[in-house]
A.B. asks: 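One structure coming up, written as structure tokens, with questions to follow.
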Amino acid sequence: MTPGPAARDPAPLRWGVAILAFLLLTVFLALPLAAVFTEALRRGWGTVLDAYADPDAMAAIRLTLLVAAISVPVNTIGGIAAAWCVAKYDFPGKRLLTALIELPFSVSPVISGMVFVLLFGAQGWFGPWLQSRDIQIVFALPGLVLATVFVTFPFVARTLIPLMQEQGRAEEEAAATLGAGGWQTFRLVTLPNIKWALLSGVLLCNARAMGEFGAVSVVSGHIRGETNTMPLHIEILYNEYQFAAAFAVAALLALLALVTLVAKTVLERLSGRREMVH
Amino acid sequence: MSGTGVEIRDVARRFGPGAAALDGVSLSVRPGEFVALLGPSGSGKTTLLRILGGLDHADAGSVAIGGRDMAGVPARERGIGFVFQSYALFRHMDVFSNVAFGLRVRRRNRPPAAEIAERVRRLLSLVQIPEMERRYPDQLSGGQRQRVALARALAIEPSLLLLDEPFGALDAQVRKDLRLWLRGLQEEVGITTILVTHDQDEAMEVADRVAVMRAGRIAQFGTPDALLENPADAFVAGFLGEANRLLCTVRAGVAHFEGDALPPLPVQAPEGRALAFIRPHELLARAAPDGPFTLRALRPAGPGTRLVVTGPRGSFDAVAAPDAPLPRRGEPCALEAQAARIFPA
Amino acid sequence: MTTARAHRDPLPGFGLSLGVTLAWLSLIVLVPLSALALRPWELGVSGVIRALSDARVLAALRLSFGSALLSALANLPLGLLVAWVLVRMRFPGRRLLDAMVDLPFALPTAVAGLALTALFAPNGWLGAPLKEIGVAVAYTPFGVFVAMMFVGLPFAVRTVEPVLRDLGTEAEEAAATLGAGRAQALVRVVLPALAPALLTGFGLAFARAVGEYGSVIFIAGNRPMVSEIAPLLIVQRLEAFDYAGAAAIGLAMLAVSFLALLLLGLVQAWLRPGRRG
């Protein structure tokens, strides 16, 4: 939008404002990112690669991928189901349901982890029962997954709901009058219309799942090589003054964030200009 | 394709606690007939159409199509062609895939690909857009989208075609062309068709019979001529065609107009207060130095000239009396009604 | 009601999708949160009060809420500025700026914490010059504020941006034709139109900052009574197996946050009389 003369400020003012915004964002957002990569490479590539080759680091990377591989599909299925019922139907309690789906976003990550300790920890509601059957949830993979699912719960649903609400249900109804069944309608009509948004939601969900710190920190127990995810591994390295290694692992996660951002931007352009795709 | 009859009996539908959307509607549509459901917004016409299509359900009453009771039959098993108000074309599919959709999703009797392609092409030439196959909906004009929606609905060889305000989103000229074309197409295919519209010209022009709806009920159902000549009540009379409305009192077979604005008119109507509907061509204006009306505007309208006159009771559309000179703007004049439809007020 | 709907609705899948949603929501969110709501009371009401009135807990809560409030406030003008530039101006690098705004959303909090610490440490790129002028950021409450601003900024920008875009320039132009000066047009026409969005952005940034953990603990230094945030105390209580005490702090945080957001919602409703939310 180029404002007309009545809503346009003098050029020096406009450019001053733009440059100020650019400077502030660069200092505030880009500089920290640059610091991570600089610190990681301070002692050269060798140190970085050594940091990744460390068995504990490898275990942390593996665990992070595993947790994301379980949490993201669970939240994708749940998110699609939630978006379908909220966006395509009217029912009493719909607003409440939508608010509850967003709830995890306004809960502190530490609290998100804590609730599972309160349930399944040694002194949790189900703690003794689980202990007597030798089932580990807290300080083990299930706890990490539960905390991660909690924290990343709203991502997919919240990307899909506004889009699906805007698209309405006319196309689905048309498919029904043409003889399509429920799954056919979803697969052939709904899914193609939401695919880019869905992918974008899944990517954000994944980025958060791999990067989550507070919630998993509480349920992890910090057992090296066993229950440490990458972000937790960073903290341990940092506390042990292995700064180069800490920044090396951090750089890996920062790269993931950058890739996610780029992919999200690309997806937004794709979904914004669907007609250009063909 | 051939048409089937539709029997609607005492259908009622209520959304929430307010007034009923449909309040006991009965309607009988003959095979091959073209029926328009006409009414203002909120009169229940779209709800009725959606119930026929299986997109909504009736709280009471029954719907039978081709003699078969439709209760519990889901939309996908009805085999009814439905054209949506916004067309609801699948935006990620090209025109070909849109039209082929209903054939491709069949589980039983799915035609082979070659036959589907042949049928789609035949339909696209029937709706006169054979060259649009590879276009996407957002590359089409409104009129073209409408044709695609129609071809898509016809592809499943429906026994009944339902159209929900199909011309609502189009410009005036495209609208006129398309509705004539639609009528021709319907005659060619012979399919029973029900169209929902709020535009009386549209309903009168395309339909064999028109059902005028009001507040969830059918106010009158008949041919366009019958509706115009013998409107069942004041609502129908007011909704169809332009008409001047005037309060009057009927005494001994003569209507006396409020404030004696017009000379009394012999009518056949029950005694008492009534509302008279007088069409412009039934209302004659002539210059009169002491007339209670003033000529405000002259509007050339085809062969005659329409006059707008104002008086103490408001503004009226009239025509010049044939035996008198045309009054001039600003001149006083008198009005005389030649005929009126009278309904108890 | 539900089964009848599922039968009659031409679009199948309502029962299935609602069932999956409710199961998912209950198992992952509602049941665990109910544990949070119930556990503190094992201490009894007086025990909860005692747990919360501990001087260290109070200091931590004050720091978390205080810095969150200040950081969200500071994010408002910054967010407005960035949103304005993104919506109103076309210049090379605008897309980069746009993508950069989301960085705090995407960057794992531990990485952000580490990065901000490196930047603001006494020997860091920004920390060193700041030290020259006598400002210490890292390992002080000011560091907590900076980290909270970092994580909250995208909320401020992304809530104002769409409203500013929808607003267009017509209202300002109308104000100009009616004789308003440029500043008057901005203060009396644009700012009121943006007020609800600014409040929403403030609320979101505040809620995020109050609970923030990862990006804060690296830079805060975590000195008890000085730069120790409430979530860190929760972690410590849990590590000492004081579940009820931890839950009490958590519940207090949630309660205050929700009250704050409720208040904000009321202010918003009051800001737009006659309009339905």
Side-chain angles (χ1 to χ4, degrees), chain A residues 3-4 6-7 14 17-18 21-22 24-25 28-33 35-36 39 78 81-82 84-85 88-89 100 103-104 106-111 114-119 122-123 125 149-150 153 169 172-173 176 182 207 211 213-214 218 231 234-235 238 246 250 253-254 257 260-261 265, chain C residues 9-14 17-18 20-21 24-25 28-29 32-33 35-36 39 78 81-82 84-85 88-89 91 97 99-100 102-104 106-112 114-116 118-119 125 150 169 172-173 176 182 207 210-211 213-214 218 231 234-235 238 241 243 246-247 250 253-254 257:
Chain A
R14 280 187 301 136
V17 164
F22 216 106
L24 282 172
L25 285 195
F28 205 47
L29 302 179
L31 225 48
L33 199 63
V36 171
E39 291 288 335
W84 180 265
C85 65
K88 301 286 179 188
Y89 303 90
L100 287 177
L103 189 61
S106 39
V107 173
S108 168
V110 167
I111 296 177
M114 169 167 67
V115 291
F116 294 103
V117 177
L118 297 181
L119 285 180
Q123 269 127 62
W125 280 350
V149 170
F150 183 105
F153 187 83
R169 44 184 277 164
E172 282 81 7
E173 286 184 350
F213 179 72
V218 173
I234 294 176
E235 188 195 17
Y238 186 79
L253 282 175
T260 305
L261 275 187
T265 310
Chain C
D9 201 295
L11 224 59
F14 176 71
S17 61
L18 187 66
V20 169
T21 308
W24 179 62
L25 188 67
I28 299 294
V29 177
L33 279 180
L36 177 69
R39 283 305 289 258
L78 184 56
L81 176 79
V82 175
W84 183 274
V85 170
R88 289 294 176 91
M89 300 191 61
F91 53 92
L97 196 71
M100 219 152 75
D102 282 333
L103 194 65
L107 201 64
T109 53
V111 179
L114 208 58
L116 290 171
L119 203 58
W125 291 342
F150 179 84
T169 53
E172 279 161 70
E173 286 168 345
R182 187 73 188 123
V210 165
Y213 179 66
F218 288 94
I234 294 182
V235 173
L238 284 178
F241 293 102
Y243 286 11
M253 283 178 66
L254 274 190
S257 291

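In the text below, chain A, chain B and the rest are named by the order of the sequence lines, each starting its count at 1.
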A.B. asks: Using a cut-off of under 4.5 Å for heavy-atom pairs, which of A:Gly211, A:Ala122, A:Ala81, A:Ser108 has the most such pairs with chain C?
C.D. replies: A:Ala81
A.B. asks: As an exercise: rank C:Ala246, C:Ala115, C:Ala118, C:Ser17 by heavy-atom pairs under 4.5 Å with chain A and give me the winner.
C.D. replies: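 When all of C:Ala246, C:Ala115, C:Ala118, C:Ser17 are compared, C:Ser17 has the most.
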A.B. asks: State, with a plain yes or no, whether a side-chain heavy atom of C:Met100 is found less than 4.5 Å away from one of A:Leu33.
C.D. replies: no
A.B. asks: Which atoms of A:Thr265 are under 4.5 Å from chain C, going by heavy atoms: the side chain, the backbone, both sets, or neither?
C.D. replies: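 Contact with chain C: side chain only.
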A.B. asks: Quick one: salt bridge (Lys or Arg N to Asp or Glu O under 4.0 Å) partners of A:Glu172, sequence neighbours excluded?
C.D. replies: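 Residues passing salt bridge (Lys or Arg N to Asp or Glu O under 4.0 Å) with A:Glu172: A:Lys88.
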A.B. asks: Answer with side chain, backbone, both or neither: which region of C:Leu238 has an atom nearer than 4.5 Å to a non-hydrogen atom of chain A?
C.D. replies: side chain
A.B. asks: Take A:Phe28 and C:Leu103 through the side-chain contact (heavy atoms from CB on, under 4.5 Å) test and state the conclusion after the steps.
C.D. replies: CA-CA 10 Å; A:Phe28 205 47; C:Leu103 194 65; over 6 Å; no
A.B. asks: Does any backbone or side-chain atom of C:Thr109 lie under 4.5 Å from a heavy atom of chain A? Answer side chain, backbone, both or neither.
C.D. replies: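 Both parts, backbone and side chain.
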A.B. asks: Could you look at A:Leu29 and say if it's the side chain, the backbone, both or neither that has a heavy atom under 4.5 Å from chain C?
C.D. replies: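 It is both, since atoms from each part get that close.
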A.B. asks: Just so I understand: if I count every heavy-atom pair under 4.5 Å between each of A:Leu103, A:Leu31, A:Val17 and chain C, which residue has the most?
C.D. replies: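 The candidate making the most pairs under 4.5 Å is A:Leu31.
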A.B. asks: Heavy atoms only: give me the nearest A:Cys85-C:Thr21 pair and the separation to one decimal.
C.D. replies: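 Closest pair (atom of A:Cys85, atom of C:Thr21, distance): SG-OG1, 3.7 Å.
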A.B. asks: So which part of A:Pro104 gets closer than 4.5 Å to some heavy atom of chain C, the side chain, the backbone, both or neither?
C.D. replies: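 Just its side chain gets close to chain C.
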A.B. asks: Heavy-atom pairs under 4.5 Å with chain C: which of A:Gly214, A:Gly182, A:Ala82 has the most?
C.D. replies: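 Most heavy-atom pairs under 4.5 Å with chain C: A:Ala82.
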A.B. asks: Taking the side chain as every heavy atom from C-beta outward, state whether C:Leu11 and A:Trp84 have any pair of such atoms under 4.5 Å apart.
C.D. replies: yes
A.B. asks: So for A:Leu25, is it side chain, backbone, both, or neither that comes closer than 4.5 Å to the heavy atoms of chain C?
C.D. replies: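 Both backbone and side chain.
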A.B. asks: When only pairs under 4.5 Å are counted, which of C:Leu114, C:Val85, C:Val235 shares the most heavy-atom pairs with chain A?
C.D. replies: C:Leu114
A.B. asks: Which bit of A:Glu39 comes within less than 4.5 Å of chain C, counting heavy atoms only: side chain, backbone, both or neither?
C.D. replies: side chain
A.B. asks: For a side-chain contact (heavy atoms from CB on, under 4.5 Å) check, start with the C-alpha distance between C:Tyr213 and C:Ile234, then their side-chain angles and the critical distance, and finish with the verdict.
C.D. replies: CA-CA 11 Å; C:Tyr213 179 66; C:Ile234 294 182; over 6 Å; no
A.B. asks: Between chain C and each of A:Trp125, A:Tyr238, A:Phe153, count heavy-atom pairs under 4.5 Å; write down the option with the most.
C.D. replies: A:Phe153
A.B. asks: Hey, which of C:Val210, C:Val82, C:Leu116 has the most heavy atom pairs under 4.5 Å with chain A?
C.D. replies: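 Top count of heavy-atom pairs under 4.5 Å with chain A: C:Val82.
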A.B. asks: Specify which of A:Pro231, A:Ala176, A:Gly78, A:Ala257 makes the most heavy-atom pairs with chain C at under 4.5 Å.
C.D. replies: A:Gly78
A.B. asks: Who wins among C:Leu254, C:Leu25, C:Val20 for the most heavy-atom pairs under 4.5 Å with chain A?
C.D. replies: C:Leu25
A.B. asks: Could you check if a side-chain atom of A:Ile234 sits within less than 4.5 angstrom of a side-chain atom of A:Phe213, using non-hydrogen atoms only?
C.D. replies: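 The answer is no; the side chains never approach within 4.5 Å.
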A.B. asks: Could you tell me if the side chain of A:Phe116 sits less than 4.5 Å from the side chain of A:Val149, heavy atoms only?
C.D. replies: no
A.B. asks: For a side-chain contact (heavy atoms from CB on, under 4.5 Å) with C:Leu36, tell me which candidate from A:Val107, A:Leu119, A:Val115 qualifies.
C.D. replies: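 With C:Leu36 as partner, A:Val107, A:Leu119, A:Val115 yield a single side-chain contact (heavy atoms from CB on, under 4.5 Å), made by A:Val115.
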A.B. asks: Heavy-atom cut-off 4.5 Å, strictly under: side chain, backbone, both or neither for A:Leu100 against chain C?
C.D. replies: both
A.B. asks: Tell me the closest heavy-atom pair linking C:Leu107 and C:Phe150, and the distance in Å.
C.D. replies: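 Of all heavy-atom pairs spanning C:Leu107 and C:Phe150, the closest is CD2-CZ, 4.2 Å.
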A.B. asks: Under a 4.5 Å cut-off applied to non-hydrogen side-chain atoms, are C:Phe91 and C:Leu97 in contact?
C.D. replies: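 Touching, per the 4.5 Å side-chain cut-off.
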A.B. asks: With a 4.5 angstrom heavy-atom cut-off, is it the side chain or the backbone of A:Phe22 that approaches chain C, or both, or neither?
C.D. replies: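 The answer is both parts of A:Phe22.
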A.B. asks: What part of A:Leu261 gets within 4.5 angstrom of chain C, counting heavy atoms only: side chain, backbone, both, or neither?
C.D. replies: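 A:Leu261 touches chain C through side-chain heavy atoms alone.
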A.B. asks: Among residues at least two apart in sequence or on other chains, which ones pass side chain to side chain donor-acceptor pair (under 3.5 Å) with C:Trp125?
C.D. replies: none
